[in-house]
Amino acid sequence: MNNSWIITGANTQTNGVYGGQDIAIADGLICEAATSAMRPFDGSGLIAMPGLIDLHGDGFERHIAPRNGVEFDLETALLATDRELISNGITTAYLAMTISWEPGLRSLKRAREIVSAVKKVQSSCACELRLQLRWEIFALEAIADIESWLDMDPAPTLAFNDHLSAILTGMKPHILAKNADRSGVSVQDYTARLIALKAREDEVSAAIGYLSDLARTKGVTCFAHDETSPDQRAANRAIGVTVCEFPINDATARAAIDAGETTVLGAPNVLRGKSHTGAVDATDAIAGDLCSVLASDYYYSSQLAAVAKLGGNDPATMAAFWPLISGNAANAVALADRGQVVTGKLADLVLYEMLDGHPQI
């Protein structure tokens, strides 16, 4: 099959400039010049942009368990996830796979099953599925598995999470009940598990240092989730954790940006006009240059819709915000081969049009 194309008539942002330029593609790469052998694609009336890169999305969990107590085959769920991702213009997706001390959907056992299923379906997917190894730092029994998963191809990322401490220091009762229900245990049993794990706190720091060092040697980017202060950002920076994911306040985000690091916020935050946890307001953060990347978080449709909202549904203005969902994300995790419409990059492209004030892939 001829895998060379020439896209004509579309507006695009090529080499940082928005306007009408043809895009030549040879063997999956953007190339310098068109040839007569290239198949034509008439993009008139469409906008061609770099494919979306989602650094953190756990929406796939709803394909596995759309209701509490109702679960589906993992391969079926992941293939359905792929269809949702690609229909929203996401061409590279890091599935935020929690590796937790919880039983059930976010357990180590389930993480092992997800890894196996991802490996089986990857070659059948239109979107490039990768994993964010979202490690709850008190899940010490997971270390050996994480060691092996750092060698996955394509490479994952490693995120350090500590929801246990947050829960013990004042999580609202209804959230505690929701988490217990997700885990399939009573609130009493869930709380007892937290207290027992907290007693192992002295082991956690060494485990974090070990895995962050190992990840760096393997070229795996490390994320810190829900950092609460510039001091915490500095401490994580010292062990090679370079991405500040969902910082709790502006000061922490500013500490990351001033150090030349990436900050990741949720695209649903932009759509809703606020954080659902009461943390940083993403729209204000973007205006204040405190946000590098918008991730789907828990809603795969949110990235494109957020950029449309930020750009006032004007494609030329949207192009200025597009790096938040593509190029900046690629830079954050050293994916130098994608994220821009530039000669030599992968032709991971989306073409869209505005219909009734909404972008349609």
Side-chain angles (χ1 to χ4, degrees), residues 11-13 18 46-62 81 84-96 127 132 223 225-226 243-248 250 253 256-257 262-333 338-341 348-361:
N11 282 324
T12 188
Q13 188 182 50
Y18 182 82
L46 302 177
I47 300 95
M49 296 296 285
L52 279 59
I53 300 171
D54 185 17
L55 295 186
H56 175 108
D58 59 29
F60 73 98
E61 291 182 338
R62 289 192 297 278
T81 299
E84 183 178 359
L85 289 165
I86 209 68
S87 68
N88 282 296
I90 301 171
T91 54
T92 304
Y94 288 83
L95 307 182
C127 177
Q132 182 191 63
F223 290 50
H225 188 82
D226 289 353
V243 178
C244 177
E245 179 180 73
F246 306 125
I248 296 299
D250 288 353
I257 293 294
T262 296
T263 56
V264 179
L265 295 175
N269 185 318
V270 172
L271 294 182
R272 298 179 69 248
K274 61 181 179 179
S275 163
H276 74 283
T277 62
V280 172
D281 182 299
T283 303
D284 289 345
I286 292 165
D289 294 325
L290 296 179
C291 175
S292 315
V293 172
L294 287 174
S296 77
D297 197 2
Y298 52 87
Y299 189 48
Y300 286 131
S301 298
S302 63
Q303 285 181 290
L304 183 57
V307 162
K309 182 179 180 181
L310 291 166
N313 294 320
D314 171 59
T317 307
M318 288 167 61
F321 291 100
W322 206 273
L324 292 168
I325 57 173
S326 192
N328 291 356
N331 292 339
V333 292
R338 68 198 74 183
Q340 295 175 289
V341 184
D348 286 357
L349 303 174
V350 296
L351 288 95
Y352 77 93
E353 60 183 333
M354 299 302 297
L355 292 176
D356 298 324
H358 298 280
Q360 176 66 52
I361 299 295

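- For Asn328 (side chain) and Ser292 (main-chain N/O), a donor-acceptor pair under 3.5 Å exists by modelled atom type.
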List, one per line, each side-chain donor-acceptor pair under 3.5 Å for residues 302-315, sequence neighbours excluded.
residue: Ser302; atom: OG; partner: Ser296; partner atom: O; Å: 3.4
residue: Ser302; atom: OG; partner: Tyr299; partner atom: O; Å: 2.6
residue: Gln303; atom: NE2; partner: Ile53; partner atom: O; Å: 3.3
residue: Gln303; atom: NE2; partner: Leu294; partner atom: O; Å: 3.0
residue: Lys309; atom: NZ; partner: Val270; partner atom: O; Å: 2.9
residue: Lys309; atom: NZ; partner: Leu271; partner atom: O; Å: 3.3
residue: Asn313; atom: ND2; partner: Gly357; partner atom: O; Å: 3.3
residue: Asp314; atom: OD2; partner: Thr317; partner atom: N; Å: 3.0
residue: Asp314; atom: OD2; partner: Thr317; partner atom: OG1; Å: 2.7

Worked check of side chain to side chain contact (heavy atoms under 4.5 Å, CB included) between Thr81 and Tyr300: CA-CA 9 Å; Thr81 299; Tyr300 286 131; 4.0 Å; yes
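- The OG1 atom of Thr12 sits 11.0 Å away from atom CG of Leu46, with the distance rounded to the nearest 0.5 Å.
- Of the possible polar contacts, one joining the Arg62 side chain to the Tyr298 backbone as a donor-acceptor pair under 3.5 Å is found.
- Heavy atoms only, all atoms of each residue included: Gly51 and Ser326 are closest at O-OG, 2.8 Å.
- Sorted by first and then second residue, the pairs that involve residues 52-61 and meet salt bridge (charged side-chain N to carboxylate O under 4.0 Å, His left out), not counting sequence neighbours, are Asp58-Arg106, Asp58-Arg134, Glu61-Arg106.
- With a 4.5 Å cut-off on side-chain heavy atoms, Val243 and Val264 count as touching.
- The CZ atom of Arg338 sits 7.5 Å away from atom OG1 of Thr91, with the distance rounded to the nearest 0.5 Å.
- No side-chain heavy atom of Leu351 sits under 4.5 Å from any side-chain heavy atom of Ile361.
- Thr92 and Ile90 get closest at one heavy-atom pair: O-CG2, 3.4 Å.
- For the atom pair NZ of Lys274 and CG of Asn269, the computed distance is 10.5 Å after rounding to the nearest 0.5 Å.
- Listed for the Tyr352 side chain is no donor-acceptor partner under 3.5 Å among the backbone atoms of His358.
- The distance from the SG atom of Cys127 to the CD1 atom of Ile86 is 5.0 Å, given to the nearest 0.5 Å.
- The minimum heavy-atom distance between Ala279 and Pro247, with the atom names listed, is CB-O, 4.1 Å.
- Using a 4.5 Å heavy-atom threshold, the side chains of Asp250 and Leu290 count as touching.
- Taking every heavy atom of both residues into account, Phe246 and Leu265 meet most closely at CE2-C, 3.5 Å.
- Residues Leu52 and Asn88 are not in side-chain contact: their nearest non-hydrogen atoms beyond the backbone lie 4.5 Å or more apart.
- You'll find the side chain of Gln132 stays beyond 4.5 Å of the side chain of His225, heavy atoms only.
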From CA spacing to verdict: side chain to side chain contact (heavy atoms under 4.5 Å, CB included), Ile257, Thr263: CA-CA 7 Å; Ile257 293 294; Thr263 56; 3.7 Å; yes
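- In this structure, the separation between CG on Asn11 and CD1 on Ile47 is 6.5 Å, given to the nearest 0.5 Å.
- Of all heavy-atom pairs between Pro50 and Val350, the closest is O-CG2, 3.9 Å.
- Minimum interatomic distance between Val280 and Ser275 (heavy atoms only, all atoms of both residues): O-CB, 3.7 Å.
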